[in-house]
Amino acid sequence: MSTPSWSPPDVSQEGATLETFILEGMFKVDGATGAFTSLLNQLCLAAKLITTRVRRAGLADILGYTGETNVQGERVQKLDTLANDLLIATLKRRGHCAAVATEELPEAVFFPESKGSYLVVADPLDGSSNIDVNISIGTIFGIYRCDRSQGLPTTESFLRPGSEMVAAGYVIYGSSTVLVLSTGNGVHGFTWDPSAGEFFLSHENIRCPRRGNIYSINEGNAQRWTDGVRSWAAHLKESAPEQGLPYSHRYVGSLVADAHRTLFKGGIFAYPADLKSPKGKLRLLYEANPMAFVFEAAGGAATTGTERILDVVPTQLHARVPLVLGSVEDVALYQRLAHGTTAP
Ligand code: AHM
Ligand code: MG
């Protein structure tokens, strides 16, 4: 069975903050203007501000609901709103971000005064239902380039496949806060040091094992699954040690937490379409695409079951999609048993 395959940073990387890492990456690109670096730094600042609020949530009276309902029909938690506002305010500064679309808002937010050529998509606080009970939550983000020769971006500017992203990542507010980032070339993890007020490189070149032994799915939905998904889940519970079965089951109910574990330990996370959510539950732009980008860059895979997530062309900002991601062999097995396909 595969074991986690990242190595600790080598001595030369000790003391590398996220900002240093991003800046040194920029120096390697001929003609880089610094705009992308500056935008990543703003996202890093948003992560710092949100983690500070999350860590103080119980003390600062910002747990609980606002009394409003968001565009997804879900009750809005106070921290959801705070994280959304912080992210947008941070991205508005410096002028590199032309527009941002988030899970919390019905429409994208445009910055007409910006000359920037990047679009950001984000789930500012994923796993909201876990906020009040001290379970890991997170922020998920993706970045696209935006062609300003056509003038200001529009909502349609966001309706592009995830394969066009130039960077994506997430922040997990867990037992420590870790920011995982990919600009397409490798995936790196940075751990928040509250005493220094910095993210330090802690997981260089993360690789998702080719196969794992954990499956992650909301088993309470089993009666709503298709026969294919049920057969796949039943297979993973068979007693066949020679085939590495049965798998263990783990399900936090925060995508960032379930995906983060899957990225490091391997195995599979699945939120398939079911009778209650015929198009899947998770959002293509804010959750599925950034995670798929990270998993592919780490040597893993992400699929709807029949199509590569990063190839799906969104028809609307808040489109939902079935999401299955993890180790390449586990994802391939899912596609075969649940959908009878080997694609992609
Ligand atoms: P959220 O973005 O409103 O927090 O909802 C998304 C969450 C994911 O983090 C998680 O994977 C999923 O919803 C859990 O759903 P369920 O409770 O149906 O298992
Ligand atoms: Mg979410």
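Whatever order the structure lists them in is the order used to number ligands and atoms, beginning at 1.
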Plane angle bin for [Y] and [X] - parallel if under 30°, tilted between 30 and 60°, otherwise perpendicular:
X      : Y      : value
Tyr286 : His318 : tilted
Tyr215 : His249 : tilted
Trp192 : Phe199 : tilted

Would you say Tyr251 touches ligand 1, if touching means a heavy atom closer than 4.0 Å?
-> yes

Measure centre to centre between the rings of Tyr118 and Phe36, then say whether the value is under 6.0 Å.
-> yes

Going through the checks in order, is the salt bridge (charged side-chain N to carboxylate O under 4.0 Å, His left out) test met by Glu198 and Lys48?
-> CA-CA 8 Å; Glu198 292 285 0; Lys48 288 179 182 177; 3.5 Å; yes

For [atom], find the nearest protein heavy atom and state the residue, atom name and distance (0.1 Å precision).
atom                    : result
atom 10 (C) of ligand 1 : Gly253 O, 3.3 Å
atom 2 (O) of ligand 1  : Glu103 OE2, 2.9 Å
atom 18 (O) of ligand 1 : Tyr271 OH, 2.6 Å
atom 5 (O) of ligand 1  : Arg283 NH1, 3.6 Å
atom 13 (O) of ligand 1 : Lys281 NZ, 3.0 Å
atom 4 (O) of ligand 1  : Gly127 N, 2.7 Å

Hphob cluster co-occupancy, Leu39 + Leu49, side-chain heavy atoms under 4.5 angstrom = yes

What atoms of ligand 1 come within less than 4.0 Å of a heavy atom belonging to [X]?
X      : value
Ser128 : 4 (O)
Ser254 : 9 (O)
Asp123 : 2 (O)
Asn218 : 16 (P), 18 (O), 19 (O)
Glu287 : 2 (O), 6 (C)

Do the side-chain N and O atoms of Arg261 and Ser216 include a donor-acceptor pair separated by under 3.5 angstrom?
-> yes

Polar contact flag, side-chain donor to acceptor under 3.5 angstrom, Arg148-Ser117 = no

The Mg ion (ligand 2): angle it makes with OD1 (Asp126) and OE2 (Glu287), nearest 10 degrees = 100°

What residue among Asp330, Leu325, Val331 forms side chain to side chain contact (heavy atoms under 4.5 Å, CB included) with Ser327?
-> Asp330

Mind checking whether Phe110 and Pro153 have side chains closer than 4.5 Å, heavy atoms only?
-> yes

Where does Val256 meet ligand 1, judged by heavy-atom distances below 4.0 Å: at the side chain, the backbone, both, or neither?
-> neither

Using distance alone, decide if ligand 1 has a nitrogen or oxygen within less than 3.5 Å of any nitrogen or oxygen in Phe269.
-> no

Closest by any non-hydrogen atom to atom 11 (O) of ligand 1: pick that one out of Asp274, Asp126, Asp258, Leu255.
-> Leu255

Would you mind naming the N, O or S atom of Asp123 nearest to the Mg ion (ligand 2)?
-> OD2

Quick one: does His260's side chain have a donor or acceptor within less than 3.5 Å of a partner on Leu255's backbone?
-> no

